[in-house]
A.B. asks: 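This is the structure, below, for whatever I ask next.
Every number for a ligand or one of its atoms is a count from 1 in the order of the listing.
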Amino acid sequence: MRLYSTNNKELNVDFATAVFNSMPQDKGLYMPVEIPQLDADFIENIGSYSLPEIAFKVASALLGDAIPAAALKALVEDAINFDAPARKLDENTYVLELFHGPSLAFKDFGARFMSRVMAYFLKDGEQLLDVLVATSGDTGGAVALGFLGVPNTRVTILYPKGKVSEIQELQLCTNGQNIHAIEIDGTFDDCQHLVKQAFADADLNEKLRLTSANSINISRLIPQTFYYFNAYAQLAREGKKKVVFAVPSGNFGNIAAGLMAYKMGLPVHQFIAATNANDTVPRFLESGVYQTRPSVQTYANAMDVGAPSNWVRIMDLFDDSREEVLKVVSSSRYTDEETLQAIKDIDQQYNYVACPHTAIAWLALEGYKRAHAEENFAGVFLSTAHACKFPDIFPEDIAAKIEIPAQVLELIDKEKGATVMDTDFKNFKNYLLNL
Ligand SMILES: *Cc1c(COP(=O)(O)O)cnc(C)c1O
């Protein structure tokens with residue numbers, strides 16, 4: 001596999017380089033030089049393959065000889081060791097549950113795959129890899145649990161005090177082993193600033209091998225293509241081949257992966273990018289003007305992104321043409337009031353509890369159905385997290401229905417360990433040097 005930068009197509013690096021750099025020097029994003037086509041036979045018979053089989057097939061096509069087949073197969077099976085069921089809610093409505101991994105959010109796909117890819121490329125005896133992450137909630141848990149026990153790696157997570165949910169905090173602070181959590185007396189932006197300062201600090205970079213596990217890493221995007229193929233396979237088994245995906249979007253990595261699957265030959269009828277009030281992309285698709293804005297806080301806080309970093313990847317997939325994007329992607333935005341009402345409606349109609357992000361995807365699907373009432377298609381809305389991660393949003397009667405999964409209940413008895421720190425970089429640097 002070879003990759004270029006979205007800012008420079010002459011650049012040409014191998015997969016390992018792209019994984020460890022995360023971002024090219026020119027501040028573009030890595031994209032595959034060539035998007036491989038899956039053979040028509042595979043797509044035609046996709047219903048007969050399991051998720052691990054599909055994941056291996058898709059990963060092999062993308063990675064080429066970057067990782068030998070046997071090692072890649074073992075890696076994929078170890079990383080994607082949980083299901084992604086498309087649950088049928090009514091004749092033509094499915095919810096794709098992407099929260100059955102250890103941190104109960106779809107980010108487990110990316111984080112688990114990335115950690116194992118990094119571990120694979122770290123040869124025995126090489127310097128320990130220090131992964132730094134700032135998190136507002138979901139990313140930290142996925143990265144912590146993704147790297148937990150992975151040899152030759154150490155993770156330091158910075159999270160803002162009092163600003164992550166109880167379950168998110170448990171996922172960050174109860175791991176031990178190679179995972180360290182720091183509770184910063186400040187905001188998410190302060191956490192992110194500290195991490196950026198660490199990457200810019202020459203002294204630190206000389207002594208430690210630092211890497212960022214952020215969402216723009218190409219090795220997080222690749223495994224997210226797997227579940228689109230696998231969802232399509234599940235619907236194909238029921239004879240449904242005209243499929244619409246509604247994707248709750250913040251940084252637009254999830255839907256970028258879906259569109260990459262599309263470009264690899266997955267015959268998806270339509271993608272809908274669903275956002276909260278942070279509507280940079282819907283505004284762009286409507287007006288043709290791309291203008292980022294500072295993010296605003298909403299109930300779907302994992303989507304509170306004013307400048308979605310993966311959007312350039314989507315434009316790259318469609319030769320920088322908004323018209324081409326619009327042939328397969330529509331978009332819509334929803335307010336907090338609509339989100340809350342949707343949570344109630346989904347509960348009423350299907351006796352199903354959806355997290356706020358998921359509820360926004362459902363709203364977008366319902367909107368699309370109304371606008372295309374004569375068409376016959378199967379709609380799939382992506383459920384990106386388990387409802388128990390966002391307990392404060394739900395009305396009491398609905399909150400009471402949320403079942404806490406066993407892997408969370410186990411955490412409650414564990415000891416919480418986090419280092420408390422202010423926003424002074426000197427202290428953070430000292431901490432890293434004395435790990
Ligand atoms: C990260 C996240 C999103 C947004 O996904 P992007 O890939 O950034 O668009 C949506 N929902 C949940 C629960 C998330 O954690």
A.B. asks: Does R209 pair with D130 as a salt bridge, N-O distance under 4.0 Å?
C.D. replies: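 Result for this pair is no, no salt bridge flagged.
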
A.B. asks: Hey, can you pull the donor-acceptor pairs under 3.5 Å for the side chains in residues 253-266, sequence neighbours left out?
C.D. replies:
{"residue": "N254", "atom": "OD1", "partner": "Y227", "partner atom": "OH", "Å": "2.7"}
{"residue": "N254", "atom": "OD1", "partner": "Y228", "partner atom": "OH", "Å": "3.0"}
{"residue": "K263", "atom": "NZ", "partner": "L317", "partner atom": "O", "Å": "3.4"}

A.B. asks: Checking ring pair (Phe, Tyr, Trp, His ring centres under 6.0 Å) for the pair F42/Y49: CA distance, chi angles, key distance, verdict?
C.D. replies: CA-CA 9 Å; F42 169 70; Y49 293 91; 4.9 Å; yes

A.B. asks: So what's ligand 1 close to, N/O to N/O, under 3.5 Å?
C.D. replies:
{"residue": "ligand 1", "atom": "7 (O)", "partner": "G253", "partner atom": "N", "Å": "3.1"}
{"residue": "ligand 1", "atom": "7 (O)", "partner": "N254", "partner atom": "N", "Å": "2.8"}
{"residue": "ligand 1", "atom": "8 (O)", "partner": "N251", "partner atom": "N", "Å": "2.8"}
{"residue": "ligand 1", "atom": "9 (O)", "partner": "G250", "partner atom": "N", "Å": "2.8"}
{"residue": "ligand 1", "atom": "9 (O)", "partner": "N251", "partner atom": "N", "Å": "3.3"}
{"residue": "ligand 1", "atom": "9 (O)", "partner": "F252", "partner atom": "N", "Å": "2.9"}
{"residue": "ligand 1", "atom": "11 (N)", "partner": "T384", "partner atom": "OG1", "Å": "2.8"}
{"residue": "ligand 1", "atom": "15 (O)", "partner": "K107", "partner atom": "NZ", "Å": "2.5"}
{"residue": "ligand 1", "atom": "15 (O)", "partner": "D138", "partner atom": "OD2", "Å": "2.6"}

A.B. asks: Quick test of your reading of the model: are R283 and D279 salt-bridged, counting only N-O distances below 4.0 Å?
C.D. replies: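 The answer is yes: the pair qualifies as a salt bridge.
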
A.B. asks: I need the N21 CG to N217 CG distance, nearest 0.5 Å.
C.D. replies: 9.5 Å

A.B. asks: Hey, can you tell me if Y431 and F428 have their rings parallel, tilted or perpendicular (30° and 60° cut-offs)?
C.D. replies: parallel

